[in-house]
Amino acid sequence: MEKFLGEWKLVKNDGEFDNYLSLMGMPWAIRKMAAKTSPVQKIERADGGKYRVITESVKTMQFEFILGEEFEDKAPNGELMKVTVDMDGDKMIQRYQGSEMHGTNYREITPDGELMMTMHGEKGSKIVTCKRWWKLV
């Protein structure tokens, strides 16, 4: 978990980010604004053995967790999700389940030191996977 701690700035997305946001129920205008921003993601220690992830973009989102413990969080579209964050080897894995969609986000450090985030979502028969790369600030 230690290697993920720090402040990361987005450097690139693959071509599926808009489709992922659409699957998440984000309106067209918000998706277009999100695609043009270079958000910052902070991963840090919090009190009580917790970790905190803060993403500053069109909207600032934040969640705190203890590895392996389920918690509730709101998705960007406002849907309440059950979320669990855990480590699997060198990957930080965030699983989420809502009433209509579910998915998994994988964070890993690439050989060149970037944080690569693979975001996989499923809603009904629709499945979208996108990747985003972040550099340590």
Side-chain angles (χ1 to χ4, degrees):
M1 188 65 203
E2 296 302 310
K3 65 183 178 179
F4 294 101
L5 301 180
E7 186 171 321
W8 302 85
K9 184 163 179 67
L10 182 73
V11 291
K12 67 181 174 180
N13 292 312
D14 70 7
E16 292 297 314
F17 184 59
D18 184 70
N19 290 331
Y20 180 81
L21 293 178
S22 178
L23 184 80
M24 294 285 290
M26 299 301 295
W28 179 85
I30 301 266
R31 294 194 328 258
K32 296 308 165 196
M33 285 191 298
K36 293 181 186 287
T37 64
S38 292
V40 171
Q41 182 175 181
K42 297 176 188 172
I43 303 174
E44 58 192 25
R45 290 184 183 279
D47 293 334
K50 293 182 179 183
Y51 293 94
R52 179 182 304 119
V53 177
I54 303 166
T55 305
E56 298 171 350
S57 185
V58 174
K59 179 181 180 182
T60 298
M61 298 180 308
Q62 171 179 309
F63 64 90
E64 290 187 4
F65 62 94
I66 294 174
L67 287 172
E69 290 190 12
E70 184 177 270
F71 64 97
E72 290 188 341
D73 190 34
K74 280 191 178 180
N77 66 357
E79 181 180 357
L80 195 60
M81 301 273 198
K82 292 187 183 288
V83 183
T84 305
V85 180
D86 218 335
M87 294 295 296
D88 184 5
D90 289 341
K91 292 183 181 178
M92 180 178 159
I93 301 178
Q94 174 184 349
R95 291 180 177 83
Y96 57 91
Q97 175 71 51
S99 61
E100 293 187 21
M101 80 169 289
H102 67 277
T104 307
N105 296 338
Y106 303 89
R107 289 175 178 88
E108 58 190 298
I109 306 299
T110 65
D112 61 354
E114 291 183 335
L115 187 156
M116 181 176 69
M117 186 173 175
T118 303
M119 304 161 75
H120 177 84
E122 299 183 26
K123 185 175 185 178
S125 62
K126 294 181 184 178
I127 299 171
V128 177
T129 300
C130 73
K131 290 188 178 186
R132 306 181 90 194
W133 289 265
W134 309 72
K135 279 204 180 273
L136 197 56
V137 176

(request) State yes or no: do Ile54 and Ile43 share one hydrophobic cluster built from I, L, V, M, F, W and Y residues joined by side-chain heavy-atom distances below 4.5 Å, directly or via other members? (result) no

(request) Indicate if Ile109 and Trp134 have the same hydrophobic cluster label, given that clusters are the connected sets of ILVMFWY residues with side-chain heavy-atom separations under 4.5 angstrom. (result) yes

(message) For the backbone of Gln94 and the side chain of Asn105, can you confirm whether one donor and one acceptor N or O come within less than 3.5 Å of each other?
(response) no

(request) For Gly121 and Met101, work out which heavy atoms get closest and say how close. (result) CA-CE, 4.2 Å

(request) Could you tell me the separation between the NZ atom of Lys123 and the CE atom of Met24, rounded to the nearest 0.5 Å? (result) 9.0 Å

(request) Rounded to the nearest 0.5 Å, what's the gap from CD on Glu122 to OG1 on Thr104? Could you check? (result) 8.0 Å

(message) Taking Met1 as the starting point, is it possible to reach Met116 by hopping between hydrophobic residues whose side chains are less than 4.5 Å apart?
(response) no

(request) Hey, could you give me the NZ/CG distance between Lys9 and Leu115, rounded to the nearest 0.5 Å? (result) 14.5 Å

(message) Give me the atom names and distance for the closest heavy-atom approach of Asp73 to Gln62.
(response) OD1-O, 4.0 Å

(request) Taking all non-hydrogen atoms of both residues into account, name the closest pair between Leu136 and Leu5 and its distance. (result) CD1-O, 4.4 Å

(request) Taking Glu72 for its side chain and Leu80 for its backbone only, find out whether a donor-acceptor pair lies under 3.5 Å. (result) no

(request) Answer whether the closest heavy-atom distance between the side chains of Trp8 and Lys42 falls below 4.5 Å. (result) no

(request) Given side-chain contact (heavy atoms from CB on, under 4.5 Å), test Val85 with Phe71 step by step and report yes or no. (result) CA-CA 9 Å; Val85 180; Phe71 64 97; 4.2 Å; yes

(message) According to side chain to side chain contact (heavy atoms under 4.5 Å, CB included), who are the partners of Ala46, at least two apart in sequence or on a separate chain?
(response) Lys50, Arg52, Glu64

(request) Report yes if the side chains of Met61 and Val53 come closer than 4.5 Å at any heavy-atom pair, otherwise no. (result) no

(message) For Arg132 and Gln41, which I'm curious about, is there any donor-acceptor pair between the side chains at under 3.5 Å?
(response) no

(request) Nearest 0.5 Å please: distance from the NZ atom of Lys135 over to the NZ atom of Lys12. (result) 9.0 Å

(request) Give a yes or no on this: more than 12 heavy atoms of other residues, nucleotides or ligands lie within 6.0 Å of atom NZ of Lys32. (result) yes

(request) Could you give me the CA-CA distance, side-chain angles and deciding distance for Glu108 and Lys3, then say whether salt bridge (charged side-chain N to carboxylate O under 4.0 Å, His left out) is met? (result) CA-CA 9 Å; Glu108 58 190 298; Lys3 65 183 178 179; over 6 Å; no

(message) Between Glu79 (side chain only) and Glu100 (backbone N and O only), is there a donor and an acceptor less than 3.5 Å apart?
(response) yes

(message) Please evaluate residues Met119 and Leu23 with respect to the criterion side-chain contact (heavy atoms from CB on, under 4.5 Å), reporting the C-alpha separation (whole Å), side-chain torsions for both, the decisive distance (0.1 Å), and the verdict.
(response) CA-CA 11 Å; Met119 304 161 75; Leu23 184 80; over 6 Å; no

(message) Tell me whether Lys131 at atom NZ has more than 12 heavy atoms from other residues, nucleotides or ligands lying less than 6.0 Å away.
(response) no

(request) State, with a plain yes or no, whether a side-chain heavy atom of Met92 is found less than 4.5 Å away from one of Met87. (result) yes

(message) For the OH atom of Tyr20 and the CE atom of Met26, what is their distance to the nearest 0.5 Å?
(response) 11.0 Å

(request) State, to 0.1 Å, how close Gly48 and Ile66 come at their nearest heavy-atom pair, and which atoms those are. (result) O-CD1, 4.1 Å

(request) Mind checking the CH2-CG spacing from Trp133 to Asp112? Nearest 0.5 Å is all I need. (result) 11.0 Å

(message) Count I, L, V, M, F, W, Y as connected when their side-chain heavy atoms are under 4.5 Å apart, and connections chain through other members. Are Val128 and Ile93 then in the same cluster?
(response) no

(message) Assigning hydrophobic clusters by single linkage (Ile, Leu, Val, Met, Phe, Trp, Tyr; side-chain heavy-atom cutoff under 4.5 Å), is Phe63 placed with Phe4?
(response) yes

(request) For Asp90, look at atom CG and say whether over 12 heavy atoms of other residues, nucleotides or ligands are found less than 6.0 Å away. (result) no

